[in-house]
There are 2 protein chains.
Amino acid sequence: MTTPVDLEDLAEITDMCGALSDQTRWEILRLIGVEALSASELAQRLPITRQAIARHLGVLAEAGLVETEHAGRQLRYRALGGRLSELARHLETIGRGWDRRLERIRSIAEEQASRD
Amino acid sequence: MTTPVDLEDLAEITDMCGALSDQTRWEILRLIGVEALSASELAQRLPITRQAIARHLGVLAEAGLVETEHAGRQLRYRALGGRLSELARHLETIGRGWDRRLERIRSIAEEQASRD
DNA sequence: CGTTACTGCAACCTACTAGTTGCACCTGGA
DNA sequence: TCCAGGTGCAACTAGTAGGTTGCAGTAACG
């Protein structure tokens, strides 16, 4: 079980979005979203070096988007879908907040206009 | 009405996440999520120059997260909550996909184990 | 019609990031 | 016990991103 982080911090949202703002990292996530893979295994399937991949995995791990699993002498990573859903829920809430406030302002403006 | 972009492209997701990976841009979004503001007005409320803010607004506009409105001689920006919700729905779908596949693999493994 | 306030563009600096190469260090298997 | 495959750390380079200053353009308001 992963610790249930509530993702209140703005810094945590920006970190996760930063981790998700790189196409190479999405390639990695796509692969380890299907099955757990090590950095070396990922390096065989992607056109960059193992070290670069390891650093990407570090970024993803710091954002909480992956978890690790030891398998013999290798360290396998898997993508955490629940974490992504958590971010999605927060963005949804914020987005609805923006539209709600603007609608309220708009309705006030219309009310004002109809009064004149 | 904004054009209904379906956000299929991976590049579009990475662009939006990139736009949302900066704390200053979140400050801007928070302000123009309440009321439409111009770059100059934002510069009065934030500790950076108008030019820096204008560039942030450019990034946000390219990601489709803001829309503009002319008011006299100034150009006001407002945050588009629907666009953020759109991104949220896609992330939610992707996240569920990861967990679903891993659960399937896990259940297959358990089935295999129970068969022996 | 002139002035003033707001926008837009360009150059520059600094810091960070994605990528590389190279090497040291384990640790598991024959 | 050896060694080979896997991981981790460090240094270096090129490109990009956030910030600044400065100036040119333009359109609204008195």
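Convention: sequence-line order gives letters A, B, ...; per-chain numbering from 1. These numbers come from a predicted model, not from an experiment.
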Listed pairs, N/O of protein and of nucleotides 17-21 of chain C, under 3.5 Å:
from: C:dA18; atom 1: OP1; to: A:Arg25; atom 2: NH1; distance (Å): 3.4
from: C:dA18; atom 1: OP1; to: A:Arg25; atom 2: NH2; distance (Å): 2.9
from: C:dA18; atom 1: N7; to: A:Arg55; atom 2: NH2; distance (Å): 3.4
from: C:dG19; atom 1: OP1; to: A:Thr24; atom 2: OG1; distance (Å): 3.3
from: C:dG19; atom 1: OP2; to: A:His56; atom 2: NE2; distance (Å): 2.1
from: C:dG19; atom 1: O6; to: A:Arg55; atom 2: NH1; distance (Å): 2.6
from: C:dT20; atom 1: OP2; to: A:Thr49; atom 2: N; distance (Å): 2.8
from: C:dT20; atom 1: OP2; to: A:Thr49; atom 2: OG1; distance (Å): 2.6

Can you confirm whether [X] sits close enough to [Y] that some side-chain heavy atom of one is under 4.5 Å from a side-chain heavy atom of the other?
{"X": "A:Val66", "Y": "A:Leu29", "value": "yes"}
{"X": "A:His70", "Y": "A:Leu75", "value": "yes"}
{"X": "A:Leu20", "Y": "B:Leu20", "value": "no"}
{"X": "B:Met16", "Y": "B:Glu86", "value": "no"}

Side-chain N or O of B:Ser38 closer than 4.0 Å to phosphate OP1/OP2 of C:dC6
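No, B:Ser38 has no side-chain N/O under 4.0 Å of OP1/OP2 on C:dC6.
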For B:Arg89, side chain to side chain donor-acceptor pair (under 3.5 Å) partners two or more places apart
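Counting only residues at least two positions away or on another chain, B:Arg89 forms no side chain to side chain donor-acceptor pair (under 3.5 Å).
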Atom pairs, N/O to N/O, protein against nucleotides 25-30 of chain C, distance under 3.5 Å?
none

Once rounded to the nearest 0.5 Å, what's the spacing between atom [atom1] of [X] and atom [atom2] of [Y]?
{"X": "A:Asp15", "Y": "A:Leu87", "atom1": "CG", "atom2": "CG", "answer": "11.0 Å"}
{"X": "B:Glu41", "Y": "B:Ile32", "atom1": "CD", "atom2": "CD1", "answer": "11.5 Å"}
{"X": "A:Arg73", "Y": "A:Ser40", "atom1": "CZ", "atom2": "OG", "answer": "11.0 Å"}
{"X": "A:Leu10", "Y": "B:Gln23", "atom1": "CG", "atom2": "CD", "answer": "4.5 Å"}
{"X": "B:Thr14", "Y": "A:Trp26", "atom1": "OG1", "atom2": "CH2", "answer": "9.0 Å"}

Mark yes when over 12 heavy atoms from residues, nucleotides or ligands other than A:Glu69 sit less than 6.0 Å from its CD; otherwise mark no.
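Atom CD in A:Glu69 is crowded, with more than 12 foreign heavy atoms closer than 6.0 Å.
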Please state how far atom CD in B:Gln23 lies from atom P in C:dC16, giving the value in whole angstrom units.
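Going from B:Gln23 (CD) to C:dC16 (P), I get 14 Å.
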Can you give the dot-bracket line for DNA chain D, where a pair is Watson-Crick or G-U wobble with both atom distances under 3.5 Å, crossing pairs use [ ], and | marks a partner on another strand?
||||||||||||||||||||||||||||||
Which donor-acceptor pairs under 3.5 Å do the side chains of residues 45-58 of chain B make with protein atoms, sequence neighbours left out?
from: B:Thr49; atom 1: OG1; to: B:Ala52; atom 2: N; distance (Å): 3.4
from: B:His56; atom 1: ND1; to: B:Arg25; atom 2: NH1; distance (Å): 3.0

Under a criterion of less than 4.0 angstrom to any heavy atom of chain B, what are the 5'-terminal and 3'-terminal contacting nucleotides of DNA chain D?
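Nucleotide range with atoms under 4.0 Å of chain B: D:dG18 to D:dC29.
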Carboxylate-amine/guanidinium proximity below 4.0 Å for A:Glu67 and A:Arg83
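No, this pair does not count.
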